[in-house]
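This report concerns only the one structure given below.
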Amino acid sequence: MARQNYDPSTIEPRWQAFWDEHQTFRTPGPGDRDFDPKKPKYYVLDMFPYPSGSGLHVGHPEGYTATDILARWKRMQGYNVLHPMGWDAFGLPAEQHAIKTGTHPREETAKNIARFKSQLKSLGLSYDWSREINTTDPGYYKWTQWIFARLYEKGLAYLAEVPVWWCEALGTVLANEEVIDGRSERGDHPCEKRPMRQWMLRITAYAERLLDDLELVEWPESIKAMQRTWIGKSEGARIRFAVEGARDPDGDGFEVFTTRPDTLFGVTYMVLAPEHPLVDAITTDDRRAAVEDYRRVAAQKSDLDRTDLNKDKSGVFTGAYAQNPVFPDDDPRSRVPIWIADYVLMSYGTGAIMAVPGGDDRDFDFAVQHGLDIVTVVQPPAGTAPDKSVERERNGVTETVTCFHGEGTAVHSSSPVLTIDGLRKQDAIARVIAWLQERGIGEAQTNYRLRDWLFSRQRYWGEPFPVLHLEDGTHRLVPDAMLPVMPPELTDFAPSGNMEPPLAKATDWVQTSDPDTGAPARRELNTMPQWAGSCWYYLRFMDPHNEDAAFSKEAERYWGPIDLYVGGAEHAVLHLLYARFWHKVLFDLGVVSTKEPFQRLFNQGMVLSWAYKDARGALIPVDEAEEKDGKFFHVKTREPLERIVAKMSKSLKNVSSPDDIIERWGADTMRLYEMFMGPLEASTPWNPDDLPGVHRFLQRVWRLYVPEGDVGEVAVVHPALLREGDADDPELEKALHKAIQKVTHDLERMQFNTAISAMMVFVNEATKKHDALTRSQALRFVTLLAPFAPHLAEDLWRRLGHDASLTYESWPTFDEKLLVEAEVELAVQVLGKVRGKIVVAADAAQPAIVDAAKQAVATQLEGKTIVKEIVVPGRLVNFVVR
RNA sequence: GCGAGAGUGGCGGAAUCGGCAGACGCGGCGGACUUAAAAUCCGCUCCCGCUAUCGGGGUCCGGGUUCGAGUCCCGGCUCUCGCACCA
């Protein structure tokens, strides 16, 4: 080790301490004395982490390093860079730990934050720690509560008795999004639906804008597509159907939602969701037992059981009939049976559908299974086959029935009251809607799949609601002046078991009084979900210490919106949609000045790892496999194994910790490797065998500057690098300009891997011409490297004779003219195959190039006629011959 | 099923507008230095062919457009992610 002069373990802590001490990355903002409003701003943000007990894994630093490089680069380009970090620190794990140990979740959270912070600092990330925020800080959640109060005032927060996912093991309700296949996303515990009185946020009121304004942002198309799907806009019509006879109490009938009102003539039955309120009233006595049975079974199934790839279309007839208004009463087709079936969900549309088996796959399957009529009302275009076709026997007759849900022409769609035969889909839809409207039995309607947001949790470790419940059953907000509402101090954090939240235990805290009237009041027992704090943290970073407002208008006007937001795709829908929703509400209130919070979004890929698979397909942990001659075998059974790429998991024993990497190789190597693995958006396996490669690169840089024998304690460089005014070797100078150009260009496109490769090319070149490197070149290369390997760069900068950090030095420039080659090598092709090479002057005239090319491939051209000559300047010459 | 994306050496990955496929790194092979090893430096490394300044093949598969296709078009296969009875 003695000769390994480049020693990150001494350099890196030294510079981290220097940056701390000098507050190198403190960013002044509007209102600060040293703020310069003339400089352009750049706000680059990482999705802040939940400080879990297990610390950082190697996936975290991937995105953090990328944004850090951009932040450092933009500083060198003269921007005011806002690059903060904080903690999404309310959350279930800390609470569960508190339940187990009896210690306050605050303590565990503080411990985890300290660990995370020291890990982030050890990576040399240039956050402005003076802006650090923590969602569990009363000074922060005061404003989370304040925003909730604004939502409440706008009628966007309301209490509702809703069927919610209750998780017995976690002792709380969960949002739909937190339940996957009937099990909790966190902890994988079983969950069930129960009706409870909950706070809801009316995000559906913003559905249209959340959809439309996706046009305004630069996000990956895939994420936009996911949000669009989630919002799930569909346009169609609401149609009212009368129920035959006196079975319907109000005589109002019921409404359905359909996207295909043009298929109204094809309705052969109706379906109500089993929970539909009308079912009881319309069911005939002879069908009641069957209907009751069916409803009981359906009630035990969750939405997901009902939707889960369930090919079986169950349902029962209610005995009642509806009237199809497009047929006169005496037309038998006007009388359609009403069924209940669990393929219709109460939670979407009106909970009832008109079934058109000739035009809808699900209705078709149901009709086939239950022997219902199927009529064709849309003729597929010539040459197009129906989507489904089934031969069936019914009433002793064999018939072929078909289903077509594409665009076609209306057929069999005529009656004395309405005719749409021959119309194409769009025209037919418009005609039917107009007709329904004239008769007052329907109208155009837009529906969304998006539901209102279940906003309460039965937890301790979350923001208390600023709400008081009065004895008359009404509720009111806690006045803004009395915020924050802080949670009571507890020692026992366990749920009470009777579905009461843990806050109910603090009876002194719960019992309070109306601050205006003095009347007795009870505090809200629920707390907000973890999403609340992350809905607006990016705004608080702009002005984190403001005690009079969530943030100042000036700060928001200057810093907003976020120029670049980087995080994992797992937040594609929930966090990003919730935050956009709050932001739009704040926009409507005039609190923020931009319609969208995150102008540009970038999803980093996942850091994966290796694992092994045996012949049966079972996954084998890495410690049970070994390599021999490029093949892999099981350590014990000697079975051959296949190496696969898998997610990091404890069970596969393939999790890497950044701490180990930093200890062994240093933070700069870690940073470089994270960026060199591949494109940031790609998911790539973590391969520790590749670490020495980037480490060697940094060593080479070191040797370029520092004479052998210096152990990193003294400021020494090659004497030549302290001499001003040496003439640059033209080729090395050109190589440097090339590197500067490539790195600059690649940073603009966030292609960190190829930027690093460009620096490697330069360093390889410079190593070969070691003695040629001048001071001027050495200085420029250090600044080029600085965003990527800041510790090493700072150290070399100091050795080159500077006292201050290079953080605010200018980014190096390149000269286009220098990059122009005097001579270029062209490939000479015959019929598209490379047959020779020529070297010509870059500005050589075309005839001269062609002559040279002909000579180069003379043997290939012999006896052939040249039909065409193609010259691509700077690239190649191609002869087409016969 | 629907939507989005991907498929390039032994491995991670390059190839900016349709123009020399495989930059850079890992691994491998060879050499220099060394008593030796490590470290370092230099060279070679897509595959096949009598090891080569030559020829053939080659970017998931099959077609097409073009002087020229990893890149564009059509059809298919595989994988990843998201949604999934949303009427």
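Please read all numbers here as calculations on a predicted model, not as lab measurements. Here is the naming used below: chain letters follow the sequence lines, and residue numbers restart at 1 for every chain.
Across all strands shown, A:Pro679 has heavy atoms under 4.0 Å from sugar-phosphate atoms exclusively, and none from any base. If you check every strand for non-hydrogen atoms under 4.0 Å, A:Val761 touches sugar and phosphate atoms only. Residue A:Glu869 is out of contact with every strand shown, counting any heavy-atom pair closer than 4.0 Å.
Relative to the side chain of A:Arg749, the nucleotides B:rC83, B:rC67, B:rU16 differ in distance, and B:rU16 lies closest. In the set B:rG12, B:rC42, B:rG19, B:rG12 carries the atom at the smallest distance from any side-chain atom of A:Pro685. Taking every side-chain heavy atom of A:Thr754 into account, B:rA23 is the closest of B:rG68, B:rA87, B:rA23.
Counting heavy atoms from C-beta outward, A:Pro220 and A:Leu601 have side chains that approach closer than 4.5 Å.
At least one donor-acceptor pair under 3.5 Å links the side chain of A:Arg449 to the backbone N or O of A:Thr229.
Of the P atoms belonging to B:rC26 and B:rU35, the separation is 28 Å, rounded to the nearest Å. Taking atom C1' in both B:rG27 and B:rG22, one finds a spacing of 16 Å when rounded to whole Å. Between B:rG5 and B:rG43, the distance separating the two P atoms is 42 Å to the nearest Å.
In this structure, A:Trp219 atom CH2 and B:rG5 atom P are separated by 17 Å, rounded to whole Å. We find that CZ of A:Arg875 is positioned 9 Å from C1' of B:rC17, with the value rounded to whole Å. Spacing between atom CG of A:Asp360 and atom P of B:rG1 amounts to 17 Å, rounded to whole angstrom units.
Here B:rC44 sits opposite B:rG28 as a Watson-Crick or G-U wobble pair (both hydrogen-bonding atom distances under 3.5 Å). Base pairing analysis places B:rG70 opposite nothing; no Watson-Crick or G-U wobble pair with both distances below 3.5 Å involves it. Pairing partner, B:rA4: B:rU80, with both Watson-Crick or wobble hydrogen-bond distances short of 3.5 Å. Pair assignment for B:rC54: B:rG49, on the basis of Watson-Crick or G-U wobble contacts that are both within less than 3.5 Å. Pairing for B:rG75 is with B:rC61, a Watson-Crick or G-U wobble pair whose two hydrogen-bonding atom distances lie under 3.5 Å.
In summary, the side chains of A:Tyr294 and A:Ser314 do present a donor paired with an acceptor at a separation below 3.5 Å, with no hydrogens or angles considered. For the 3.5 Å distance criterion, the side chains of A:Arg700 and A:Asn764 qualify, holding a donor opposite an acceptor.
Between the base of B:rC41 and the side chain of A:Lys768 there is no donor-acceptor pair shorter than 3.5 Å.
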*Could you give me the CA-CA distance, side-chain angles and deciding distance for A:Phe364 and A:His405, then say whether ring-ring contact (aromatic ring centres under 6.0 Å, His included) is met?*
CA-CA 10 Å; A:Phe364 182 81; A:His405 49 72; over 10 Å; no
